[in-house]
J.: 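Sharing a structure below in structure tokens format, with a few things to ask.
One is the number of the first residue; the rest follow in order along the sequence.
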Amino acid sequence: MSEVKISAETRTEFGKGAARRIRRDSKVPGVLYGHGSDPLHLTLPGHDLLLALRTPNVLIALDIDGKTNELAIPKAVQRDAIKGFLEHVDLQLVKRGEQVNVEIYVNTEGELAPGGNLLEHVLNALPVEAEATHIPESVTVSVEGLTAGDSVLAKDIPLPKGTKLAVEGDTVVLQVLAAQAEEAAEGEAAEGEAVAEA
């Protein structure tokens, strides 16, 4: 997992007015917390942060005021609901070698068995525990040949070395559903035709 270096500044102004001024300068207010230390309020460069957040569970190497270097992972990101720009970010302080709990995306590959079945993602992201500097971006699961009623449990998903489940092994992650909606619609259409003929 690669580190993204970002320069940050500590901030002393708080409130909506201060946050608006920060955003007008194309920057993002944020807070860094963890390891029992007091939360540190930061101002981060908006464009650099936006690019970094494109990588799930990105490891951010923060250069704070040119004096302190810290490692962090994003824990909560607030975006404007309409325009999508970053409004605020919460960062969790991490150390090399430390185990952290994160969620990783579950990707699928392969084709379901014929029959128009539907694949439901019960969990879009899988809770795992991994070393802070080796957090996987995602896992890939084969759904090749699965049929209605089949499911993939958390314990069935191959995890990268050094990564452990942070959820019960019997938790359903994916399940295959029979395509009932189409059958019901066809049944209703047939009933409608029968009424029309009568």
J.: Just grab all the salt bridge (Lys or Arg N to Asp or Glu O under 4.0 Å) pairs involving residues 117-130, residues at least two apart or on different chains.
T.: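 The answer is E129-K164.
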J.: Side-chain contact test, heavy atoms from C-beta onward, threshold under 4.5 Å: evaluate it for V143 versus L119 and give yes or no.
T.: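 A side-chain contact exists here, since the closest heavy-atom pair is under 4.5 Å.
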J.: With a 4.5 Å limit on heavy-atom distance, are the side chains of I135 and I73 in contact?
T.: yes
J.: What pair of heavy atoms forms the shortest contact from P74 to L91, and how long is it?
T.: CA-CD2, 3.8 Å
J.: Would you kindly confirm whether Y33 and V102 end up in one hydrophobic cluster when ILVMFWY residues are joined by side chain heavy atoms under 4.5 Å apart?
T.: no
J.: Please report the C-alpha distance between L62 and N69 in whole Å, then the side-chain angles of each, then the deciding distance to 0.1 Å, and finally whether the side chain to side chain contact (heavy atoms under 4.5 Å, CB included) criterion is met.
T.: CA-CA 5 Å; L62 290 170; N69 292 306; over 6 Å; no
J.: Write out all pairs satisfying side chain to side chain donor-acceptor pair (under 3.5 Å) with one or both partners inside residues 87-96, taking only residues at least two apart or from two chains.
T.: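 Pairs touching residues 87-96 that pass the test: E3-R96, H88-D90.
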J.: What's the spacing between L146 CG and L174 CG if we round to 0.5 Å?
T.: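 The CG atom of L146 sits 8.5 Å away from the CG atom of L174.
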J.: Apply salt bridge (Lys or Arg N to Asp or Glu O under 4.0 Å) to E9 and list each qualifying residue two or more places apart in sequence or on a separate chain.
T.: K27
J.: Can you run down the side chain to side chain donor-acceptor pair (under 3.5 Å) pairs that involve residues 36-46, sequence neighbours left out, and say none if there aren't any?
T.: none
J.: Is there side-chain contact between T55 and E137, with at least one heavy-atom pair below 4.5 Å?
T.: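 In short, these two side chains touch, coming nearer than 4.5 Å.
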J.: Please give me the minimum heavy-atom distance between V4 and A52, naming the atom from each residue.
T.: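 Residues V4 and A52, closest heavy atoms: CG1-CB, 3.8 Å.
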J.: Can you tell me how far CD1 of I60 sits from CG of D63, rounded to the nearest 0.5 angstrom?
T.: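 Rounded to the nearest 0.5 Å, the CG-CD1 separation comes out at 13.0 Å.
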J.: Can you name the nearest heavy-atom pair linking V100 to A132, along with the distance?
T.: CG2-CA, 4.0 Å
J.: Should V94 and L59 count as side-chain neighbours, where that means a heavy-atom distance under 4.5 Å?
T.: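 Yes. Closest side-chain heavy atoms under 4.5 Å.
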J.: Which residues pass the side chain to side chain contact (heavy atoms under 4.5 Å, CB included) test with N107, not counting sequence neighbours?
T.: S138, T140
J.: Do the side chains of L44 and V89 get nearer than 4.5 Å, heavy atoms only?
T.: yes
J.: Not counting sequence neighbours, which residues clear side chain to side chain contact (heavy atoms under 4.5 Å, CB included) with A148? List them please.
T.: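 Once residues adjacent in sequence are excluded, the partners of A148 under the side chain to side chain contact (heavy atoms under 4.5 Å, CB included) criterion are N117, A178.
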J.: Once side chain to side chain contact (heavy atoms under 4.5 Å, CB included) is applied, do any residues pair with E168, and if so which ones, sequence neighbours excluded?
T.: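 Counting only residues at least two positions away or on another chain, E168 forms a side chain to side chain contact (heavy atoms under 4.5 Å, CB included) with T171.
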J.: Is the NZ atom of K75 crowded by more than 12 outside heavy atoms at less than 6.0 Å?
T.: yes
J.: Enumerate donor-acceptor pairs with a distance under 3.5 Å from any side-chain N or O in residues 154-162 to protein atoms, sequence neighbours excluded.
T.:
unit_1	atom_1	unit_2	atom_2	d
K155	NZ	D170	OD1	3.0
D156	OD2	L153	N	3.0

J.: Is the number of heavy atoms from other residues, nucleotides or ligands within 6.0 Å of OH (Y105) greater than 12?
T.: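 For Y105, atom OH is not crowded (no more than 12 foreign heavy atoms under 6.0 Å).
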J.: Just so I know, are the side chains of V173 and V167 near enough to count as touching, which here means a heavy-atom distance under 4.5 Å?
T.: no
J.: Other than L51, which residues form its hydrophobic cluster under the rule that side-chain heavy atoms must be closer than 4.5 Å?
T.: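 Its cluster mates, by chain and number: none.
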J.: Work out which heavy atom in P136 is nearest to a heavy atom in N57; give both atom names and the distance.
T.: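 Residues P136 and N57, closest heavy atoms: O-ND2, 4.1 Å.
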J.: For L93 and G34, work out which heavy atoms get closest and say how close.
T.: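 Looks like CD2-O, 3.9 Å.
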J.: Please report the C-alpha distance between L42 and V28 in whole Å, then the side-chain angles of each, then the deciding distance to 0.1 Å, and finally whether the side chain to side chain contact (heavy atoms under 4.5 Å, CB included) criterion is met.
T.: CA-CA 8 Å; L42 302 171; V28 179; over 6 Å; no
J.: Just distance, no hydrogens or angles: give the donor-acceptor pairs under 3.5 Å from side chains in residues 108-115, sequence neighbours left out.
T.:
none

J.: Keeping the roles fixed (side chain from D65, backbone from T10), state whether a donor-acceptor pair exists under 3.5 Å.
T.: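 Confirmed, D65 side chain pairs with T10 backbone.
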J.: Going by the rule side chain to side chain contact (heavy atoms under 4.5 Å, CB included), which residues pair with P45 if we only count those two or more places apart in sequence or in a different chain?
T.: I6, D48
J.: Strictly by ring-ring contact (aromatic ring centres under 6.0 Å, His included), give each pair with a member in residues 44-81 just once, sequence neighbours left out.
T.: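 ring-ring contact (aromatic ring centres under 6.0 Å, His included) check on residues 44-81 returns no pairs.
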J.: We want to know whether E131 and T133 form a side-chain donor-acceptor pair, criterion being a heavy-atom distance below 3.5 angstrom.
T.: yes
